[in-house]
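Atom set for the values below is all heavy atoms of this structure, side chains included, hydrogens, waters and symmetry mates excluded.
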Amino acid sequence: MSYVGKWVFHSIGMINENDELVYLNAEEYLNSPMLYIDESDEEAVADEMKERRQMIGGQIAVCEDGKLYMLMPLPEGVSKEEVARAAEAGIIKLYDDMMTDEPKAWEERDGELWLEVGEGMSEDGWVKLSDDDGSLLFVTTRYVKAD
């Protein structure tokens, strides 16, 4: 399997009422309880929903040149002109019309995708990103190949 290509949100891991890790698809995640939000606070609920939509719009670009980009959609309600000005000013970085940080290095080891995360994050500064189901698992978020 080639890891090169675009990977899109599949599901996010959350702890359920039985203290078990379960993975929720986009619709389930959007409709799940907001445990740390006062749901009577309309502004807090709106902010949380905005964050959740950003999360489910996230993607990973695995490039042939050994670089991996974590991609987030542009904020809602921001014009192309505002985005262009922010990118030109160095406020944000863009890749494939999405926001990103500096790319990370990736490599394949024994058929598995590994991501360089830096010293102190693991013994050798790398973590396995691929899982046994053919997905990429970044922290608690699963991505599946779009290509």
Path from Val78 to Leu94 over hydrophobic side-chain contacts below 4.5 Å: yes
Crowding at NZ, Lys67 (>12 non-hydrogen neighbours, <6.0 Å): no
Main-chain N/O of Leu24 paired with Ser11 side-chain donor or acceptor, under 3.5 Å: no
Asn18 side chain vs Glu20 backbone, donor-acceptor pair below 3.5 Å: no
Min side-chain heavy-atom separation Leu113-Leu68 under 4.5 Å: yes
Heavy-atom check, side chain of Asp47 versus side chain of Ile37, under 4.5 Å: no
Side chains of Met99 and Pro73 in contact at under 4.5 Å (non-hydrogen atoms): no
Interatomic spacing from CZ in Arg53 to CD in Glu48 - rounded to 0.5 Å: 10.5 Å
Check: Ser2 side chain, Val4 main-chain N or O, donor-acceptor pair, under 3.5 Å: yes
Gap between atom NE2 of His10 and atom CG of Asp133 - 0.5 Å precision: 8.5 Å
Heavy-atom closest contact (Gly58 atom, Met72 atom, distance): CA-SD, 4.1 Å
Atom OH of Tyr29: over 12 foreign heavy atoms under 6.0 Å: yes
Check: Trp126 main-chain N/O paired with Asp124 side-chain donor or acceptor under 3.5 Å: yes
Common cluster, Tyr36/Met55, ILVMFWY with side-chain heavy-atom separation under 4.5 Å: no
Beyond-backbone contact of Ser32 with Met14, side-chain heavy atoms, under 4.5 angstrom: yes
Steps toward side-chain contact (heavy atoms from CB on, under 4.5 Å) verdict (Glu116, Glu107): CA-CA 8 Å; Glu116 185 176 32; Glu107 62 183 40; over 6 Å; no
Minimum side-chain heavy-atom gap Leu137-Tyr23 below 4.5 Å: yes
Shortest non-hydrogen contact from Tyr95 toward Ala61: CE2-CB, 3.7 Å
Co-membership, hydrophobic cluster, residues Val62 and Val139, 4.5 Å side-chain: yes
4.5 Å side-chain heavy-atom contact, Leu115 and Leu136: no
Arg85 and Glu81 ion-paired at < 4.0 Å: no
Distance, nearest 0.5 Å, that separates OG1 of Thr100 from CD1 of Ile92: 10.5 Å
Aromatic plane relationship, Trp106 with Tyr3 - under 30° parallel, 30 to 60° tilted, over 60° perpendicular: perpendicular
CG/Asp97: more than 12 non-hydrogen atoms of other groups inside 6.0 Å: no
Shortest non-hydrogen contact from Gln54 toward Leu74: OE1-O, 3.7 Å
Considering all heavy atoms, the nearest Lys145-Trp7 contact: N-CE3, 3.1 Å
Any donor-acceptor N/O pair, Asp96 side chain to Met98 backbone, under 3.5 Å: no
Cluster overlap Tyr69 with Ile60, hydrophobic side-chain contacts below 4.5 Å: no
Heavy-atom pair of closest approach, residues Ile15 and Asp19: CG2-CA, 3.4 Å
Side chain to side chain, Val22 and Glu28, heavy atoms closer than 4.5 Å: no
Flag side-chain contact, heavy atom, 4.5 Å: Lys6 against Leu71: yes
Separation of Arg52 CZ from Asn31 CG (nearest 0.5 Å): 9.0 Å
Backbone N/O of Lys50 and side chain of Glu76: donor-acceptor pair under 3.5 Å: no
Hydrophobic cluster identity match, Leu30 and Val45, side-chain contacts under 4.5 Å: yes
